[in-house]
Amino acid sequence: MKVGADNRGDFRLPATVVRAFFPDGAIEIQRLGAGLINDSFVVTLRSGDTKTRAVLQRINTTVFKFPEQVMANMAQVLAHFHARSADDTLRMPVLYATVAGQTFYPDATGDCWRLMSYLEDTRGFTQVQNVAQARAVGTALGKFHRTLADMPLAGLFDTLPGFHITPHYLAAYDAIDKAVAGTDAMAQNCMAMIEAGRATATVIDDAVHKGILRPRVMHGDPKLNNFLFAEDGASVVSLIDLDTVKPGLYHYDIADCIRSVCNVAGEEGQDAGSLFDITYCGALLSGYMRSAGAVFTAQEYALLPAAIVLMPYELGLRFFSDHLQGDRYFKTDHPRHNLQRAQRQFELWQALRAQETALQEVMAACKV
Ligand code: GN1
Ligand code: MG
């Protein structure tokens, strides 16, 4: 990939940054993963005969304006997990401190970096392989929520105001000049989809304002590749990427997780036609409901299908708005990347709408 052909920035390897955390010893750095927001690297630290791996990340300060607040939330949540036995909950990384005793390092250019332990003997997936994996993901998300259920919301910052509030994304979209879309058929289709969903876009936000849905500590980004499985791929041992842990709705987490896991074509699917796998959805939800316990009132539970249907619409809207604005938010590999991603999400949204009755049946079967 050539620099300049995308918006991913340069590929410089930040050895000087690692020195802010580990002044001595040999280090090796390699790029890691394909997140759409931050840059990640795996760092191998050698000291004598010992070799330790760690994950170094550059926090995207275009998205997260106050990285110190992201780190404060993350440190609190990690402390909450580390106070529990690993048998009882998920394994979580440990943050390394800089030589100056900080959880992050602001470099001379204004970039913000953090370093955490690498969770060895784990692997991620971009598509689930079977129903048992979908159930394991749901079980892990339920555990995540259950572990944080007694954590006070008051100490957490709202690090990304408006995140997952669909009407907020619609208002932002409405303010964008659509002329750049021209007559492109895919762009025209995305615009038509956005209009088709406009009337339902407020359903979850309205329920928040009526006090039916209440904020809790959410993950905010539980997409499939943020779940780390044991090497055998059977059980989930961790749920990483704690950037968006903040007050929010469990509905967002469940819906976003289903959006990602049950889209069998994958988020980056190149072939037309996203598909929604209702069997994976049922397995994920039943795993979740069993491990999270009785978290919802009847009214809250009744709003889950609406949240599940809305999430791909919202992400389609976010990808398409970013495309119109010149790819400022999500990393892309080529100029039509966000447009294609938007199209995939709108296809998924339509597939979900076509299966709403089946979704209601699945919900009824999973109720605890
Ligand atoms: C972003 O950080 P990453 O790449 O896991 C985004 C999510 C989207 C996701 C789509 C802070 O997640 O909301 O669902 O891309 N995160 C943020 O792949 O906007
Ligand atoms: Mg993320």
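Counting starts at 1 for both ligands and their atoms, following the listed order. Computed from a prediction, not measured in an experiment: that's the story for all the values here. This chain uses plain numbering: 1 for the first residue, then up along the sequence.
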**Prompt:** For atom 13 (O) of ligand 1, what is the nearest protein heavy atom, given as residue, atom name and distance?
**Reply:** Arg318 NH1, 2.9 Å
**Item:** Aromatic centroids of His251 and Phe296 separated by under 6.0 Å
**Value:** yes
**Prompt:** So, is Phe330 polar-close to ligand 1, with some N/O to N/O distance under 3.5 Å?
**Reply:** no
**Request:** Inspect the contact between Asp39 and Lys331 and indicate whether a charged nitrogen and a carboxylate oxygen are less than 4.0 angstrom apart.
**Result:** yes
**Item:** Atoms of ligand 1, numbered as shown, that sit under 4.0 Å from any heavy atom of Asp241
**Value:** 2 (O), 5 (O)
**Message:** Please list, in number order, the atoms of ligand 1 under 4.0 Å from a heavy atom of Thr244.
**Reply:** 11 (C)
**Prompt:** Which atoms of ligand 1 are found less than 4.0 Å from any heavy atom of Phe64?
**Reply:** 11 (C)
**Request:** List every atom of ligand 1 that sits less than 4.0 Å from any heavy atom of Gly35, numbering the atoms from 1 in the order shown and giving each element.
**Result:** 4 (O)
**Message:** Polar contacts were defined as any N/O atom of the residue lying under 3.5 Å from an N/O atom of the ligand; does this apply to Glu267 and ligand 1?
**Reply:** yes
**Request:** Just need the protein heavy atom nearest to atom 9 (C) of ligand 1, so name the residue and atom and give the distance.
**Result:** Lys223 NZ, 3.7 Å
**Message:** Give me the number of protein N, O or S atoms whose distance to the Mg ion (ligand 2) is under 2.8 Å.
**Reply:** 2
**Request:** Could you walk me through whether Glu300 and Arg216 pass salt bridge (charged side-chain N to carboxylate O under 4.0 Å, His left out), step by step?
**Result:** CA-CA 13 Å; Glu300 285 178 302; Arg216 320 196 199 207; 2.6 Å; yes
**Message:** Are Tyr288 and His145 an aromatic pair, judged by ring center distance below 6.0 Å?
**Reply:** yes
**Message:** Would you say that more than 12 heavy atoms from the other residues, nucleotides or ligands in this model lie under 6.0 Å from the NZ of Lys51, or not?
**Reply:** no
**Per-atom contacts, ligand 1 versus Leu36 - under 4.0 Å to a heavy atom** = 4 (O), 10 (C), 15 (O), 18 (O)
**Item:** Any Arg341 heavy atom less than 4.0 Å from ligand 1
**Value:** no
**Message:** In terms of relative ring orientation, are His334 and His337 parallel, tilted or perpendicular, with 30° and 60° separating the classes?
**Reply:** parallel
**Message:** To check your reading of the model: name the closest protein heavy atom to atom 3 (P) of ligand 1, its residue, and the distance in Å.
**Reply:** Asp221 OD2, 3.2 Å
**Item:** Which residue and heavy atom of the protein sit nearest atom 14 (O) of ligand 1, plus the separation
**Value:** Arg259 NH2, 3.5 Å
**Item:** Any residue meeting side chain to side chain contact (heavy atoms under 4.5 Å, CB included) with Thr89, in chain and number order, not counting sequence neighbours
**Value:** Phe81, Arg84, Thr147
**Asked** Can Val309 be reached from Ile165 by stepping across I, L, V, M, F, W or Y side chains whose heavy atoms are under 4.5 Å apart?
**Response** yes
**Request:** Identify the two heavy atoms, one from Tyr96 and one from Ser117, that lie closest to each other, and give their separation to 0.1 Å.
**Result:** CE1-N, 3.7 Å
**Prompt:** Heavy-atom contacts under 4.0 Å between Gln345 and ligand 1: side chain, backbone, both, or neither?
**Reply:** neither
**Message:** Taking the ring of Phe125 and the ring of Phe229, is the distance between their centroids below 6.0 Å?
**Reply:** yes
**Message:** Once you measure the plane-to-plane angle for Phe41 and Trp113, does it fall in the parallel (<30°), tilted (30-60°) or perpendicular (>60°) bin?
**Reply:** tilted
**Request:** Identify, for atom 16 (N) of ligand 1, the protein heavy atom at the shortest distance, and state residue, atom and that distance.
**Result:** Ile37 CG1, 3.8 Å
**Request:** Would you mind checking if Arg123 and Glu231 are paired as a salt bridge, meaning a charged N to carboxylate O distance below 4.0 Å?
**Result:** no
**Request:** Can you sort out which atoms of ligand 1 are near Phe163, meaning under 4.0 Å from one of its heavy atoms?
**Result:** 13 (O), 17 (C), 19 (O)
**Prompt:** For ligand 1, is there an N or O atom under 3.5 Å from any N or O atom of His164?
**Reply:** no
**Message:** Looking at ligand 1, would Asp243 count as a contact under a 4.0 Å heavy-atom criterion?
**Reply:** no
**Message:** Using the side-chain contact (heavy atoms from CB on, under 4.5 Å) definition, which of the options Leu141, Val217, Leu239 pairs with Asp253?
**Reply:** Leu141
**Asked** So is Lys367 actually on top of Tyr301's ring, under 6.0 Å and inside 45° of the axis?
**Response** yes
**Prompt:** Which heavy atom of the protein is the closest neighbour of atom 11 (C) of ligand 1, given with residue, atom name and distance?
**Reply:** Tyr329 OH, 3.6 Å
**Prompt:** So which of Tyr252, Phe227, Tyr250, Phe144 actually passes ring-ring contact (aromatic ring centres under 6.0 Å, His included) with His219?
**Reply:** Phe144
